[in-house]
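Everything on this sheet refers to the single structure shown next.
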Amino acid sequence: MAVEKLLDDPSKLSSIRDTEPYVSRNMGALDDVFSTELAQRLLFERGLRTPYIRLWRHGQDIGVRNAAKPGDDGSDERRVLSGLVDPRYAVAQMGQGATLVFQAMSTYCPEVEAFCTELSGEIGVPVAANAFLTPPHSKGAEAHYDLASIFLRQLAGSKTWRLHEPPMRWPVNRSKPGVTPKTPLALEVTLHAGDCLYLPRGFYHEGTTADEGSVHIAFSDGVEDTWTQILHDVLDLAVERSAALRGRLPSKAEALSGQSKEIWQEVRKDVFHTLENLGDEVISALVVRRLQAREQQLKKAEESSLTEILGVGGAGGAGPSSGTA
């Protein structure tokens, strides 16, 4: 199980999920998923394009535009035209303290994609992965929080993390860059190779390295559906049953004169009455429909068949070629 490679006690996930940081120690290597050696191959051999990497240095996104810049002699012009990353530029920036980030790894790295698929099947939501390579005595991003919960799996070296309490429980808006957390310190922990930190969504966090660098991969659970989405579904049903909801908004003059308050009171009464009559069974059905739609979306890519779409038969059924595209 993928979860067993991230949590020392997988049964704890249900109690800590989205609410409580949790540290697992000595979970072993994860070389079949990601490693420094694989990062080397990704950067120098697999021809990554610039959208898939970012460079951060002490809280500043230094950009990757120059990561595809040709030399003064015009060399590597093809790399620029294709948007391929210049490994030399990325490594040079790392030598100056920049953190190299591999983004959306499941889209181009089969090793990571397989693990994300397995983990997604176990926790029931889509999983994305980003990897971070930070030199010694450096920091990537400033303190911030994410809108998804994350498993931070340390693969090599070490990194110290400071976590502050969320500004509110499960925020829905992204944190503003450069804002110093004013909430209490929740945890300070140093992760070594084999350790994993479960970071609930909304917790401010920042990581720094000391005398050795750090390689870690972050698996984030895509919080695809919340009760907000169900409420949208409920309102869609209510619109079909409530004439008040389908009514036109008051004019500006009516709003300024206060007449909109009276209209709203009638709308509210009608909406509440409609929602009460929907029944709990309807809400349960909406939840199931959402979950089933998500499952189908996860399977969609697997079920797609280019052979069927093209109607060209099996792998060995190539027909005569006309010599034209």
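Side-chain atoms of D146 never come within 3.5 Å of backbone atoms of A148 as a donor-acceptor pair (strictly under, hydrogens ignored). A donor-acceptor contact shorter than 3.5 Å links the side chain of S284 to the backbone of D280. Side chain of Q154 to main chain of A156: a donor-acceptor pair is present (N/O by atom type, distance under 3.5 Å, no hydrogens or angles). Judged purely by atom type and a 3.5 angstrom limit, S242 has no side-chain atom pairing as donor or acceptor with the backbone of D270. Proximity of a side-chain donor or acceptor of E188 to a complementary backbone N or O of T160 within less than 3.5 Å is not detected. E254 places no side-chain N or O within donor-acceptor distance of the main-chain N or O of Q259, the cut-off being under 3.5 Å. Distance alone, capped at 3.5 Å, places no donor-acceptor pair between the Q93 side chain and the L55 backbone.
Heavy-atom neighbours of Q60 CD from other residues, nucleotides or ligands within 6.0 Å: at or below the threshold of 12. Atom CZ of F44 is surrounded by more than 12 heavy atoms from other residues, nucleotides or ligands within 6.0 Å.
With no hydrogens or angles considered, no side-chain donor-acceptor pair links Q40 and T36 at under 3.5 Å.
When the options R25, H216, R153 are evaluated for a side chain to side chain donor-acceptor pair (under 3.5 Å) with D195, the one that passes is R25. A side-chain contact (heavy atoms from CB on, under 4.5 Å) with S149 holds for exactly one of W170, Y198, F219; it is Y198.
For the residue pair R290 and D233, the shortest heavy atom distance occurs at NE-OD2, 2.9 Å. Across every non-hydrogen atom of T209 and P136, the tightest pair is OG1-C, 3.4 Å. The heavy-atom pair separating H192 from E212 by the smallest distance is ND1-OE2, 4.5 Å. The shortest heavy-atom contact between V3 and P10 is CG1-CB, 3.7 Å. Residues E165 and A186 come closest through the heavy atom pair OE2-CB, 3.6 Å. What you find for E142 and H144 is that their closest heavy atoms are O-ND1, 2.8 Å.
The ring-ring contact (aromatic ring centres under 6.0 Å, His included) search around Y52 returns Y108, not counting sequence neighbours. Listed by chain and residue number, nothing satisfies the salt bridge (Lys or Arg N to Asp or Glu O under 4.0 Å) test with R174 (two or more places apart in sequence, or in another chain). Shown here are the side-chain contact (heavy atoms from CB on, under 4.5 Å) partners of L237, two or more places apart in sequence or in another chain: E240, L278, V282, L286. Taking the ring-ring contact (aromatic ring centres under 6.0 Å, His included) definition, one finds that F102 meets it with nothing, sequence neighbours left out.
Among pairs with a residue in residues 127-138, those fulfilling side-chain hydrogen bond (donor to acceptor under 3.5 Å, both in side chains) read T99-T134, T134-K159, H137-D211, at least two apart in sequence or across chains.
Side-chain contact between S106 and F115 is absent, with no heavy-atom pair separated by less than 4.5 Å.
Cluster partners of L152, using a side-chain heavy-atom cutoff of under 4.5 Å among ILVMFWY residues and allowing indirect links, are V23, I150, W161, L163, L187, V189, L191, L197, L199, F203.
Taking hydrophobic clusters as Ile, Leu, Val, Met, Phe, Trp and Tyr residues chained together by side-chain heavy-atom distances below 4.5 Å, L231 does not share a cluster with L291. Residues F132 and L38 do not share a hydrophobic cluster, defined by chaining ILVMFWY side chains whose heavy atoms lie under 4.5 Å apart. Under a hydrophobic clustering in which Ile, Leu, Val, Met, Phe, Trp and Tyr are joined whenever their side-chain heavy atoms come within less than 4.5 Å, directly or via other members, V271 and I263 fall into the same cluster. Hydrophobic clustering (ILVMFWY, side-chain heavy atoms < 4.5 Å, transitive): V215 and V85 are in one cluster. A chain of hydrophobic side-chain contacts below 4.5 Å, direct or via other Ile, Leu, Val, Met, Phe, Trp or Tyr residues, connects V239 to W264.
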| request: Assess whether side-chain contact (heavy atoms from CB on, under 4.5 Å) is satisfied between L13 and L6, documenting all intermediate values. | output: CA-CA 10 Å; L13 182 58; L6 302 175; over 6 Å; no
| message | Checking E111 against V33 for the side-chain contact (heavy atoms from CB on, under 4.5 Å) test, could you report, in this order, the C-alpha distance in whole Å, the side-chain angles of both residues, the deciding distance, and whether it holds? | response | CA-CA 5 Å; E111 299 89 341; V33 179; 5.6 Å; no
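Atom CE of residue M105 and atom SG of residue C116 lie 8.5 Å apart, to the nearest 0.5 angstrom. Taken from OG1 in T226 to CG in L147, the straight-line distance is 11.0 Å, to the nearest 0.5 Å. Between K269 atom NZ and H273 atom NE2 the span is 11.0 Å, to the nearest 0.5 Å. Remark: F34 CZ to L133 CG distance equals 5.5 Å, nearest 0.5 Å. Once rounded to the nearest 0.5 Å, the distance linking CG of L84 with CZ of R46 reads 14.5 Å. For the atom pair CG of L7 and SG of C196, the computed distance is 6.5 Å after rounding to the nearest 0.5 Å.
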